[in-house]
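Each ligand, and each atom within it, is numbered from 1 in the order the structure gives. Side-chain atoms are counted along with the backbone in the values below, which use heavy atoms only and exclude waters and symmetry mates. Just so it is clear, the model here is predicted, and its values are computed rather than measured.
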Amino acid sequence: MPTTTATATIRTSVVTGGGSGIGQSVAEHLAAAGHRVGVLDQNADAAEKVAADLRASGAEALAQAVDVSDRTAVEKAMGVVRERFGPIEILVTSAGIESQMPYPEIAQDEWDRIIAVNLTGTFNCTQSVIGDMQAGQWGRIVTISSSSAQSGAPERAHYVASKGGVIGLTKALAFEYAPHGITVNTIPPSIIATPMAEKAVEAGLVPAIEDLAAMTPVRRAGLPGDVAAAAAFLCSDQAGFITGQAIGVNGGWYI
Ligand SMILES: NC(=O)c1ccc[n+]([C@@H]2O[C@H](COP(=O)([O-])OP(=O)(O)OC[C@H]3O[C@@H](n4cnc5c(N)ncnc54)[C@H](O)[C@@H]3O)[C@@H](O)[C@H]2O)c1
């Protein structure tokens with residue numbers, strides 16, 4: 001159950017993809033706001049390291065190794081968080097994978113893999129916690145989509161479609177759950193300097209981070225903390241009148 005301090009209500013939160021990049025930074029921001037954090041990630045070691053670092057900083061945190069495309073595993077991991085920390089009131093879905101290839105080369109297996117993690121994974125996680133939020137008549141969900149789903153992008157049709165699906169899912173849930181005190185928003189970032197982006201740079205799929213910075217209107221690279229600060233605000237009590245929105249964190253890349 002939520003506990004109220006002099007300044008804020010402490011809540012139970014879950015961050016998927018919390019072992020790296022944007023998700024890790026979101027976990028750190030939510031912990032800094034005083035929330036209990038369930039760090040879910042397919043990479044067990046990464047999730048455990050993030051949770052251990054949060055605990056070392058004085059936060060309550062636990063790690064769960066889970067593939068978000070596996071519904072049974074998701075429900076089990078959410079159950080562990082619920083049992084330890086109470087009903088889940090905040091969910092940020094950052095687990096995601098990317099892929100790039102010309103459209104004719106996207107085999108059905110590759111299409112299915114991207115949709116399973118990015119879109120079905122978001123469905124699995126949101127549906128697994130929405131009952132907690134509805135019971136408490138308070139909830140915050142922030143999905144991480146992509147600016148590529150706003151602008152389109154070449155040779156990423158499967159990734160862009162998965163993230164476009166996430167934006168649509170976010171808006172549908174926002175409507176359905178607004179009367180229950182639950183807000184659902186999405187952050188579609190442009191390129192953010194994370195291990196995912198670094199791998200894409202190394203593979204020659206996107207320009208070097210410093211070149212991207214020069215091409216960005218604000219003239220710097222996006223950082224995980226830029227996304228996490230916006231996500232943390234959307235998860236706060238103060239953000240209760242914001243729902244169904246795509247809050248771009250992109251340095252002016254897509255306006
Ligand atoms: N970095 C960018 O430039 C950028 C831009 C737009 C959108 N995004 C989106 O932001 C989100 C976070 O990306 P990031 O840059 O932090 O990447 P990242 O690779 O640093 O982190 C992603 C995390 O998700 C985890 N993960 C991957 N598949 C998973 C699965 N099936 N189940 C559970 N965990 C899984 C990984 O282990 C990793 O820890 C992704 O959804 C990505 O599509 C990133």
Side-chain angles (χ1 to χ4, degrees), residues 14-29 38-51 63-74 76-78 91-100 112-125 128 142-153 156 158-167 169-170 186-203 205-209 212-213 215-216 221-228 230-231 246-251 253-254:
V14 165
V15 183
T16 74
S20 175
I22 292 168
Q24 177 179 350
S25 187
V26 171
E28 291 164 358
H29 277 66
V39 180
L40 272 51
D41 203 292
Q42 193 170 35
N43 183 332
D45 291 344
E48 187 44 55
K49 164 111 183 46
V50 170
Q64 283 290 293
V66 64
D67 174 351
V68 294
S69 68
D70 178 341
R71 178 56 177 255
T72 306
V74 166
K76 190 165 165 239
M78 297 299 186
L91 171 69
V92 179
T93 59
S94 190
I97 52 175
E98 65 153 5
S99 174
Q100 184 162 339
D112 290 346
R113 185 177 77 92
I114 297 296
I115 297 290
V117 175
N118 293 355
L119 181 53
T120 308
T122 306
F123 162 71
N124 286 338
C125 294
S128 297
V142 178
T143 62
I144 305 297
S145 47
S146 168
S147 65
S148 65
Q150 298 173 303
S151 63
R156 306 178 114 220
H158 45 345
Y159 178 81
V160 171
S162 72
K163 293 299 188 175
V166 168
I167 294 174
L169 174 63
T170 301
T186 190
I187 297 178
S190 60
I191 290 183
I192 305 293
T194 69
M196 178 187 278
E198 282 153 20
K199 274 184 220 143
V201 171
E202 275 164 30
L205 300 175
V206 296
I209 296 290
L212 287 165
M215 293 156 66
T216 301
L223 301 173
D226 292 317
V227 180
I247 306 290
V249 176
N250 60 32
W253 188 269
Y254 177 86

Shortest non-hydrogen separation from Asp41 to Gly18 and the atoms involved: OD2-N, 3.5 Å
Closest protein heavy atom to atom 7 (C) of ligand 1, given as residue, atom name and distance to 0.1 Å: Ser145 O, 3.1 Å
Thr194, portion touching ligand 1 at heavy-atom distance under 4.0 Å: side chain
Nearest non-hydrogen protein atom, atom 20 (O) of ligand 1: Ser20 OG, 2.7 Å
Any Ala46 heavy atom less than 4.0 Å to ligand 1: no
CA sep, side-chain torsions, deciding dist, call: Gln24, Ser94, side chain to side chain contact (heavy atoms under 4.5 Å, CB included): CA-CA 9 Å; Gln24 177 179 350; Ser94 190; over 6 Å; no
Ligand 1 contact by Pro189, heavy-atom criterion under 4.0 angstrom: yes
Euclidean distance, Gln100 CD relative to His158 NE2, rounded to 0.5 Å: 8.5 Å
Nearest non-hydrogen protein atom, atom 34 (N) of ligand 1: Gln42 N, 3.1 Å
Option whose closest heavy atom lies nearest to atom 3 (O) of ligand 1, chosen from Ile192, Val117, Asn43: Ile192
Test salt bridge (charged side-chain N to carboxylate O under 4.0 Å, His left out) applied to Asp67 - qualifying residues, sequence neighbours left out: none
Pro188 vs Asn250 side-chain heavy atoms within contact, under 4.5 Å: no
Side-chain heavy-atom pair Ile22, Pro189 within 4.5 angstrom cut-off: yes
Closest to atom 38 (C) of ligand 1 (judged by heavy-atom distance), picking from Val39, Thr120, Asp41: Asp41
Ile144, Leu119, Thr93 screened by side-chain contact (heavy atoms from CB on, under 4.5 Å) with Val166, the one that passes: Leu119
Polar proximity ligand 1 side, Ser147 side, N/O cut 3.5 Å exclusive: no
Ligand 1 contact on Lys163 by region, counting heavy-atom pairs under 4.0 Å: side chain
For Ile191, atoms of ligand 1 separated by under 4.0 Å from a heavy atom: 3 (O)
Stepwise side chain to side chain contact (heavy atoms under 4.5 Å, CB included) check, Ser148 with Val160: CA-CA 6 Å; Ser148 65; Val160 171; 3.7 Å; yes
pair Val68-Asn124: side-chain heavy atoms closer than 4.5 Å: no
With Ser162 via side-chain hydrogen bond (donor to acceptor under 3.5 Å, both in side chains) - residues at least two apart: Asn118
Atom 27 (C) of ligand 1: the protein heavy-atom neighbour that sits closest, reported with distance to 0.1 Å: Gly96 O, 3.6 Å
Donor-acceptor pair between Thr122 and Thr143 side chains, under 3.5 angstrom: no
Residue-ligand contact Gly222/ligand 1, heavy atom below 4.0 Å: no
Protein contact of atom 11 (C) of ligand 1 - nearest heavy atom, named by residue and atom, plus distance: Ser94 O, 3.0 Å
Atom indices of ligand 1, in the order listed, that fall short of 4.0 Å to a heavy atom of Ala95: 24 (O), 33 (C), 34 (N), 35 (C), 41 (O)
Close N or O approach (Tyr159, ligand 1; < 3.5 Å): yes
Part of Val68 within contact of ligand 1 (heavy atoms, under 4.0 Å): both
Atom 10 (O) of ligand 1 - nearest protein heavy atom and its distance: Ile144 CG2, 3.3 Å
Worked verdict on Val206 versus Val201 for side chain to side chain contact (heavy atoms under 4.5 Å, CB included): CA-CA 5 Å; Val206 296; Val201 171; 3.5 Å; yes
Distance-only N or O hit between ligand 1 and Ile22, under 3.5 Å: yes
Nearest neighbour in protein (non-hydrogen) for atom 19 (O) of ligand 1: Met196 CB, 3.5 Å
contact_flag Thr16 ligand 1 heavy-atom lt 4.0 Å: no
Within reach of ligand 1, part of Pro188 (heavy-atom separation under 4.0 Å): neither
Side chains of Cys125 and Met78 in contact at under 4.5 Å (non-hydrogen atoms): yes
Nearest neighbour of atom 31 (N) of ligand 1 from the list Val74, Leu212, Asp67, Val26, on a heavy-atom basis: Asp67
Residue pair Arg113 / Ser99, side-chain heavy-atom distance below 4.5 Å: yes
Side-chain heavy atoms of Trp253 within contact of Leu212, under 4.5 Å: yes
Structural part of Ser190 in contact with ligand 1, heavy atom criterion under 4.0 angstrom: backbone
Under 3.5 Å: N/O of Lys199 near N/O of ligand 1: no
Side chains of Ser69 and Thr120 in contact at under 4.5 Å (non-hydrogen atoms): no
Region of Val66 that comes within reach of ligand 1 [heavy atoms, distance under 4.0 Å]: backbone
Numbered atoms and elements of ligand 1 in range of Pro195, under 4.0 angstrom, heavy atoms: 20 (O)
Per-atom contacts, ligand 1 versus Ile97 - under 4.0 Å to a heavy atom: 27 (C), 28 (N)
